[in-house]
Engineer: 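A single structure is presented below for examination.
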Amino acid sequence: PSVPPPAFHTCQGLAPCLPEEGQVNTSGPRLLLATLHPASGSSAAMDRIFSALLLSLLLLLQSYGVYGAPPQPRGTLCRTKPTDLVFIIDSSRSVRPHEFEKVKVFMSRVIEGLDVGPNSTRVGVINYASAVKNEFSLKTYQTKAGLLQAVQRIEPLSTGTMTGLAIQFAISRAFSDSEGARVRSPNFNKVAIVVTDGRPQDGVQDVSARARAAGIEIFAIGVGRVDMHTLRQIASEPLDEHVDYVESYSVIEKLTHKFQEAFCVVSDLCATGDHDCEQVCISAPGAYKCACKEGFTLNSDGKTCSACSSGSGSALDLVFLIDGSKSVRPENFELVKKFINQIVDSLEVSDKQAQVGLVQYSSSVRQEFPLGQFKNKKDIKAAVKKMSYMEKGTMTGQALKYLIDSSFSIINGARPGVPKVGIVFTDGRSQDYITDAAKKAKDLGFRMFAVGVGNAVEDELREIASEPVAEHYFYTADFRTISKIGKKLQMKICIEEDPCECKSIVKFQTKVEDLINSLQRKYILQKLSLLRTQWV
């Protein structure tokens, strides 16, 4: 019988998570190949992800107060599925010693999130260059502490790059009975993570095909200068789900969550945020039901709550600060524009409600349009679509200063006494100093959200984000994981004492949640069914 593979998503630590869309394995054992290569991805998938991310962002930005749908506390409810996991690590001469240390950190962080034991997850490591060295097998260490200590002792081989030979070793030795693999039980996934930084000196197409034919699912992660064709020969279909890329070893650790959480088995849908409840989620084994706070009643849909029959909605001045540097690339810039317009679709835009401004920055700062210039959603969306890509440097500090001095000024449409929210989106390190401007924005009372993708620097995102920082900054190394980020947002800005003033925010929240859930709902029952089948 087939076994569903681990799902990749954005749950933190050991928080419980549902498998992602399309992650159903029909082949049994799995080989995760982490090699160094630009990731391929479908435009449609990235479009969906970006839209979900920023829709979710504004959803929770605007759902403050009694009408909010606060996520339930995310406890350590996740337990990892028993897995036979083998790392296959390239330590050829092109991998410098300090870079190899980064790979060891990556491995250690993944291991830290696993339930390690003889009846749980077992881990082995293969080190390769011109030859293959079995550092330790699946049966060698039965504790997490032993594994982590063994990883720290690994030394680079510093010769050639025989990736095909390493994959063959995994097939014939690493996943064998003699090395501790549980090949006779379909309840144990067989997973390997292979890391390489260059073009292999031997063939990979045939051996990878044999691995897949043997029921091994192969995931490829590329770092630095790699050959895309080679990665595609290695990886399983669909390629956009099985190939990932990081620019250098210095950022490979950012992929930790993706692999660490791949082994997480959902045990509480309320804790994961994978529910439709507007206010309160009550967990039951494999299911949930919705409830409302005191003073509210559950509507006939069994999900939403009502407290008042009318309301004019809350005012909001929202400015997007968008990175238009050359590293974003034109196709992704178009996705950012779609993401902005998806959010605009869910706002109540008027002189008395939400106003939207847009600023793009690269080596310089350009105001696309100020707050209040456009009085309806149609005009805002048209202006966003017309925005041209600047395609230069990354002067985030200069952009933040512009936000403070100009975007939220009365002369540019800002309204006194109205909450100010800034959303900074970037995909790389700032080329100027951001500390003073980031601090000043928060000191002035602006609610600042920092969203980073790819090579964005997490320290900079944290510096930009308002307190509590963990609820105001979001990072993903992979566009395919962005749809889950919104579930982590806690910030809400509806501040009226009268709950009726938040009525339009309730409508906003419901509309956005429906859009997000439409991407996920049809998969939840399927995944739960697969999980039940597996554990029976």
Side-chain angles (χ1 to χ4, degrees), residues 54-55 57-58 61-62 312-325 328 333-334 336-426 430 432 434 436-438 440-451 464 466 493-495 504-505 508:
L54 290 167
L55 279 168
L57 178 59
L58 258 291
L61 267 174
Q62 297 229 33
S312 59
S314 300
L316 168 71
D317 285 346
L318 170 65
V319 175
F320 292 95
L321 200 60
I322 301 300
D323 182 352
S325 60
V328 174
F333 191 72
E334 290 303 311
V336 175
K337 289 160 67 173
K338 290 181 180 180
F339 127 69
I340 296 171
N341 280 342
Q342 194 79 8
I343 291 175
V344 171
D345 270 332
S346 298
L347 293 172
E348 296 293 338
V349 177
S350 74
D351 288 336
K352 295 183 179 181
Q353 296 175 302
Q355 292 190 155
V356 177
L358 177 60
V359 174
Q360 183 185 174
Y361 71 94
S362 59
S363 297
S364 59
V365 180
R366 184 173 76 200
Q367 179 172 259
E368 301 294 343
F369 54 84
L371 289 164
Q373 176 174 332
F374 300 110
K375 308 300 184 183
N376 57 68
K377 290 185 276 191
K378 180 180 178 181
D379 291 343
I380 293 174
K381 291 169 65 179
V384 171
K385 289 179 181 178
K386 292 177 182 177
M387 177 172 56
S388 60
Y389 178 31
M390 295 177 73
E391 199 170 2
K392 293 184 181 178
T394 310
M395 303 295 283
T396 309
Q398 184 179 345
L400 288 168
K401 188 175 186 302
Y402 184 91
L403 185 78
I404 295 166
D405 296 339
S406 299
S407 297
F408 285 134
S409 66
I410 294 176
I411 196 173
N412 275 314
R415 296 164 292 181
V418 171
K420 307 294 188 293
V421 176
I423 300 178
V424 182
F425 182 92
T426 182
S430 177
D432 62 351
I434 70 166
D436 290 346
K440 186 175 181 181
K442 292 177 285 189
D443 289 346
L444 288 171
F446 304 156
R447 294 300 181 113
M448 300 299 296
F449 284 76
V451 181
I464 293 168
S466 292
I493 64 169
C494 178
I495 60 172
S504 65
I505 307 305
F508 171 90

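What you see below is based on every heavy atom in this structure, not just the backbone, and it leaves out hydrogens, waters and symmetry mates.
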Engineer: When you compare the side chain of Val328 with that of Ile322, does any pair of heavy atoms fall below 4.5 Å?
Structural biologist: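 No, too far: nothing below the 4.5 Å cut-off.
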
Engineer: Checking the side chain of Lys401 only, and the main-chain atoms of Ala437 only, is there a donor and an acceptor separated by less than 3.5 Å?
Structural biologist: no

Engineer: Give a yes or no on whether the backbone of Ser406 and the side-chain of Asn412 come within a donor-acceptor separation of less than 3.5 Å.
Structural biologist: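 Side chain of Asn412 to backbone of Ser406, a donor-acceptor pair under 3.5 Å: yes, one is there.
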
Engineer: For the atom pair CG (Leu403) and CG (Leu321), what is the distance rounded to the nearest 0.5 Å?
Structural biologist: 5.5 Å

Engineer: How many angstroms lie between atom NZ of Lys381 and atom NZ of Lys386, to the nearest 0.5 angstrom?
Structural biologist: 14.0 Å

Engineer: Identify the two heavy atoms, one from Gly393 and one from Ser363, that lie closest to each other, and give their separation to 0.1 Å.
Structural biologist: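 Residues Gly393 and Ser363, closest heavy atoms: N-OG, 2.8 Å.
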
Engineer: Would you give the length of the straight line joining atom CZ of Arg447 to atom NZ of Lys442, rounded to the nearest 0.5 angstrom?
Structural biologist: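 Taking CZ in Arg447 and NZ in Lys442, the distance rounds to 12.0 Å.
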
Engineer: When rounded to the nearest 0.5 angstrom, what is the spacing between CG in Leu371 and OG in Ser409?
Structural biologist: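 Rounded to the nearest 0.5 Å, the CG-OG separation comes to 8.5 Å.
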
Engineer: Any heavy-atom pair between the side chains of Phe333 and Met387 that's under 4.5 Å?
Structural biologist: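 A side-chain contact under 4.5 Å exists here.
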
Engineer: Within the structure provided, determine whether Tyr361 and Thr394 are in side-chain contact (heavy-atom separation under 4.5 Å).
Structural biologist: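 They are in contact (side-chain heavy atoms under 4.5 Å apart), so the answer is yes.
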
Engineer: With the side chain counted from C-beta on, respond yes when Asp351 and Lys375 share a heavy-atom pair under 4.5 Å apart, and no when they do not.
Structural biologist: yes

Engineer: If you compare all heavy atoms of Gln360 against all heavy atoms of Gly324, which two are closest, and at what distance to 0.1 Å?
Structural biologist: OE1-CA, 3.5 Å

Engineer: So, for Gln398 and Ser364, which heavy atoms are closest and what is the spacing to 0.1 Å?
Structural biologist: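 It is NE2-CA, 4.1 Å.
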
Engineer: Could you tell me if the side chain of Gln355 sits less than 4.5 Å from the side chain of Val418, heavy atoms only?
Structural biologist: no

Engineer: Would you mind reporting whether Ser407 and Lys420 have side-chain heavy atoms less than 4.5 Å apart?
Structural biologist: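 No. Closest side-chain heavy atoms not under 4.5 Å.
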
Engineer: Show the nearest heavy-atom pair for residues Met448 and Ile464, with the distance to one decimal.
Structural biologist: CB-O, 3.3 Å

Engineer: Return each pair, listed once, that meets ring-ring contact (aromatic ring centres under 6.0 Å, His included) where at least one residue sits in residues 396-419; pairs must be two or more places apart or across chains.
Structural biologist: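 Qualifying pairs, neighbours excluded: Phe408-Phe446.
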
Engineer: So how far is it from Ile380 CD1 to Glu368 CD, rounded to the nearest 0.5 Å?
Structural biologist: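 Here the interatomic distance stands at 13.5 Å.
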
Engineer: For the pair Asp317 (side chain) and Ala414 (backbone), establish whether a donor and an acceptor sit closer than 3.5 Å, ignoring hydrogens and angles.
Structural biologist: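 Checking the backbone N and O of Ala414 against the side chain of Asp317, no donor-acceptor pair under 3.5 Å is found.
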
Engineer: Restricting to non-hydrogen atoms, name the atom on Ala441 and the atom on Ile404 that form the minimum distance, rounded to 0.1 Å.
Structural biologist: N-CD1, 3.6 Å

Engineer: How close do Thr396 and Ser430 get, heavy atom to heavy atom, and via which atoms?
Structural biologist: N-OG, 3.3 Å

Engineer: Measuring from atom OG of Ser325 to atom CE of Met390, what distance do you get when rounded to the nearest 0.5 angstrom?
Structural biologist: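 If we round to the nearest 0.5 Å, Ser325:OG and Met390:CE are 10.0 Å apart.
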
Engineer: Given side chains that start at C-beta, do those of Ile423 and Leu318 come closer than 4.5 Å, heavy atoms only?
Structural biologist: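 Yes, side chains in contact.
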
